[in-house]
Amino acid sequence: MLQQTQVIKVIDYFNNFIDRFPTLKSLAEAESEQVLACWSGLGYYNRARNLHKTAQICSIEHGDQLPVDLNQLMQLPGIGRTTAGAILSLASDLPYPILDGNVKRVMSRFNKISDEKTSAYNAKLWKQVEELMPKSHCRKYNQALMDLGSMICTRSKPHCHRCPIMKNCKARISDQVALFPQSNKKTRQINKTYHILLLVSEGQIYIEKRNSQSIWPQLWFLPMFDTEQKLQSSNLFELEHYTHYLNFNIKHILTHRKLDLQVHCYKNTTTIDRKITKNKKWTAISQYKKLPHPTALVKIIQNYLANEDT
DNA sequence: AAGTCGGGGGC
DNA sequence: GCCCCAGACTT
């Protein structure tokens, strides 16, 4: 959960997740849908799928436990070198370094490491953090290094006057702290418009499971179309029985894409045949909240629905 | 080596 | 608005 996600955001999800899946075995035996639902709103949903797979692999191959071995850990889906190092050092107090975003920043400043190319930059950072790694007190050392990065050696306005290693920090010595680390190259965001169909009937909304190809793969959401024509011509929902009553617009930003989501709302007060299939169904908005989906959009949609009802 | 994947906080 | 965050995986 902590991969590319700040601690404050994770805490509630973590507690809920541990309540729901208290052991590795219980996670391994869970349905994928339930695991994803517990992840709903946290983002990077492949992390949930990988965690689930890892639990299943460890359940079968490692006797319901994580292996205490760097290479074996790194072969598990979703566990790279940093996460493997975190497991070994924090759980077992073994001398394996971590290179997360915080430690990267500390290392970059401490030894004035910079490079044009990302791969060479990361290699230098790993080498540096390996050389500094002590053979004892590994748990406390790694935790302290991350805390140093998150609380003292912050990205902007670092608190160098309170830093315990300021005397040996090359960036500090040369008064160049602000120059490190170099800002990352930006991947430009591509604008994309989608047309979304919101069907409301007797307090329920229609949702479907997305395919594996596009964004939000295999999550439940309202039907999305590339063009308004495709939305209009989707006879799946017998649009002639519905009354169009509202359009609204949602701007949603992903890491690599700016989405302009145009929501087309249709209402129907008569009873309809609500078929539930594997990948399509009707659901009350309250139930919708418990499904795997991009929740940032659910709040907005719920607000519009609430306003319409009153 | 570059692209992909969410959502949110800081400034 | 831009950058980054307790990164890893795919192409």
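Note: hydrogens, waters and symmetry copies are ignored here, and every other heavy atom, side chains too, is used. Remember, it's a predicted structure, so these values are computed and weren't measured experimentally. Every chain is numbered from 1 and lettered A, B, ... according to where its sequence line falls, protein lines coming before strand lines.
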- Message: If the condition is side-chain hydrogen bond (donor to acceptor under 3.5 Å, both in side chains), which residues does A/Trp220 pass it with, not counting sequence neighbours?
- Response: A/Glu33
- Message: Using a 3.5 Å limit for the pairing distances, which stems of at least 3 consecutive Watson-Crick or G-U wobble pairs does DNA chain B take part in?
- Response: B:1-5 with C:7-11, B:7-11 with C:1-5
- Sequence-distant partners of A/Arg81, salt bridge (Lys or Arg N to Asp or Glu O under 4.0 Å), two or more places apart: A/Glu130
- Note on the structure: Note: contacts of residues 79-87 of chain A with DNA chain C (heavy atom, under 4.0 Å) are A/Ile79, A/Gly80, A/Arg81, A/Thr82, A/Thr83
What donor-acceptor contacts under 3.5 angstrom involve side-chain atoms of residues 84-94 of chain A, with partners at least two apart or in another chain?
residue: A/Ser89; atom: OG; partner: A/Gly85; partner atom: O; Å: 2.8
residue: A/Ser89; atom: OG; partner: A/Asn142; partner atom: ND2; Å: 2.8
residue: A/Asp93; atom: OD1; partner: A/Cys138; partner atom: N; Å: 3.1
residue: A/Asp93; atom: OD1; partner: A/Arg139; partner atom: N; Å: 2.7

Do any side-chain atoms of residues 68-78 of chain A form donor-acceptor pairs under 3.5 angstrom with protein atoms, and if so which ones, sequence neighbours left out?
residue: A/Asp69; atom: OD2; partner: A/Asn71; partner atom: N; Å: 3.1
residue: A/Asp69; atom: OD2; partner: A/Gln72; partner atom: N; Å: 2.9

Listed pairs under 3.5 Å, donor-acceptor, residues 55-62 of chain A side chains, sequence neighbours left out:
residue: A/Gln56; atom: NE2; partner: A/Ala28; partner atom: O; Å: 3.2
residue: A/Gln56; atom: NE2; partner: A/His52; partner atom: NE2; Å: 3.4
residue: A/Ser59; atom: OG; partner: A/Asp64; partner atom: OD1; Å: 2.7

- Note on the structure: Quick note, ring pair (Phe, Tyr, Trp, His ring centres under 6.0 Å) partners involving residues 15-35 of chain A, not counting sequence neighbours, are A/Phe17-A/Phe21, A/Phe17-A/Trp39
- Message: Suppose the criterion is side-chain hydrogen bond (donor to acceptor under 3.5 Å, both in side chains): which pairs have a residue in residues 154-166 of chain A, not counting sequence neighbours?
- Response: none
- side-chain contact (heavy atoms from CB on, under 4.5 Å) involving A/Val7 - partner list, sequence neighbours excluded: A/Leu2, A/Ile11
- Message: With the threshold set at under 4.0 Å for non-hydrogen atoms, list the residues of residues 4-22 of chain A touching DNA chain C in residue-number order.
- Response: A/Gln4, A/Gln6, A/Val7
- Can you tell me which residue pairs pass the ring pair (Phe, Tyr, Trp, His ring centres under 6.0 Å) test with a partner in residues 123-157 of chain A, sequence neighbours excluded? none
